[in-house]
Novice: 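One structure follows; several queries about it will come next.
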Number of protein chains: 2
Amino acid sequence: MNNPSRLDRLRDAGYKLTNARTVVLNVIETHEGHMTSAEILDAVASRDSSIGRASVFRTLDLLTRLAIIRPTYTAGSATPTYVLMPDGHHHHIVCVQCHQTIEFEDCGLGSLAERLEGEFGVKLTGHLLEFYGICGACSEAGVVDDEV
Amino acid sequence: MNNPSRLDRLRDAGYKLTNARTVVLNVIETHEGHMTSAEILDAVASRDSSIGRASVFRTLDLLTRLAIIRPTYTAGSATPTYVLMPDGHHHHIVCVQCHQTIEFEDCGLGSLAERLEGEFGVKLTGHLLEFYGICGACSEAGVVDDEV
DNA sequence: GATGTAAATGATACCACGTCTCAATATGAC
DNA sequence: GTCATATTGAGACGTGGTATCATTTACATC
């Protein structure tokens, strides 16, 4: 459950392994799936109430910069949810009706990433792929959606 | 520039074609690339100062629900940027150092989409693909990043 | 193990994004 | 033109996230 390699990535990038960072990362690793910032704040507080809000948000930003987690929108323009990127990448399908998310693994984007690195002179470390559509339950419920 | 089909999609979905909605959509269509909510608010205000903030945010939510635009995070956990999904899909590279975005067209995800539709019984209408990495300028600037 | 230094922390004040409420208005159907 | 209803605009409000800064912690060096 507690994967030391992610802490190593922090240290290797020149960041100190502090208690706040360890707890925040552990919270996200323990909870499978998407988490809102409020859920993360609650979970961190319940493990160590001495950790301040500011440090939690700072750590979230740091983990985002290191492509360990990624903020995404599942619904409207409300708060984002943070999702762990196990090997630097994450893929899911979002139902635009009920906002259910379906995660899947295989994306076959390796060759595209290589092509883009050559084409734009960038070094890619991860990616997020989101599909939008109507899930089986919603289409069976007879919900009418717009055609593209 | 002004694509009437998107207004049709609003009406077909049962929404009224009001001035606020027309102006907001037009602002986003006119401005190529990503826009923050602040930029959208400014642009809308300069075209018609009588349009209220609430209506702008309501319209952004509505357009998101219809998969016409999509909020994404380019930087940390700050404000999202909204991006038009021309044919239901959008792809870009985000530099995790300077937050510059590079957009590209070809993604080759058609076959994956078909496979997912069969596998999960969903009907997909669009997708967003984000790559993260270090852009050429930042890596030349000697910024050290972590190895995956 | 002790010491030093810079990074990181926690507390709080602070700000802005986005939401809610509600009377007034515009839209589209008839 | 008239009507019912969705939508609006104004502003107060809540809350998520940030900036500041003195204090503390992690880690390297000795």
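The model shown is predicted, which means the values in this text are computed figures rather than measured ones. No hydrogens, no waters, no symmetry mates; every other heavy atom, side chains included, goes into these values. We name chains A, B, ... by the order of the sequence lines, and we start the count at 1 in each one.
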Novice: Between D:dT8, D:dG16, C:dG18, which nucleotide has the shortest distance from any of its atoms to the side chain of A:Thr79?
Specialist: D:dG16
Novice: Just how far, in rounded Å, is C1' of D:dG17 from CG of A:Leu60?
Specialist: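 Whole-Å distance recorded here is 11 Å.
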Novice: Between A:Leu10 (CG) and C:dT9 (P), how many Å, whole number?
Specialist: 10 Å
Novice: I need the CG-P distance between A:Asp48 and C:dA8, as an integer number of Å.
Specialist: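 Roughly 18 Å, once rounded to whole Å.
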Novice: Using a 4.0 Å heavy-atom cut-off to protein, can you give one letter per nucleotide of nucleotides 20-30 of chain C, 5' to 3': B if the base is in contact, S if only the sugar-phosphate is, - if neither?
Specialist: BB-----BS--
Novice: Between P on C:dA8 and CG on A:Leu25, what's the gap in Å once rounded to a whole number?
Specialist: 15 Å
Novice: Is any NZ, NE, NH1 or NH2 atom of the basic residue among A:Asp61 and A:Arg58 found under 4.0 Å from an Asp or Glu carboxylate oxygen of the other?
Specialist: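 A:Arg58 and A:Asp61: not salt-bridged.
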Novice: Rounded to whole Å, how long is the line connecting atom CG of B:Asp42 with atom C1' of C:dA16?
Specialist: 13 Å
Novice: With a 4.0 Å cutoff (strictly under), does any side-chain N or O of B:Ser37 reach OP1 or OP2 of C:dG18?
Specialist: yes
Novice: Ring-plane angle category for A:His89 and A:His127, please: parallel below 30°, perpendicular beyond 60°, tilted otherwise.
Specialist: parallel
Novice: Under 3.5 Å, is there a donor-acceptor pair between the A:Arg70 and B:Tyr73 side chains?
Specialist: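 No.
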Novice: Can you tell me how far P of C:dA11 sits from CZ of A:Phe57, to the nearest Å?
Specialist: 15 Å
Novice: Side chains of A:Asn26 and A:Thr30: do they bring a donor and an acceptor to under 3.5 Å?
Specialist: yes
Novice: What is the separation between atom CD1 on A:Ile51 and atom P on D:dT24, rounded to the nearest whole Å?
Specialist: 17 Å
Novice: Between A:Glu117 and A:Lys123, does at least one N-O distance fall below 4.0 Å, as a salt bridge requires?
Specialist: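 Between A:Lys123 and A:Glu117 there is no salt bridge, as every charged N stays at least 4.0 Å from the carboxylate O atoms.
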Novice: Could you check if a side-chain atom of B:His34 sits within less than 4.5 angstrom of a side-chain atom of B:His90, using non-hydrogen atoms only?
Specialist: yes
Novice: Specify the residue among B:Gly14 and B:Arg53 whose closest nucleotide of DNA chain D lies further upstream toward the 5′ end.
Specialist: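 Nearest-nucleotide comparison on DNA chain D picks B:Gly14.
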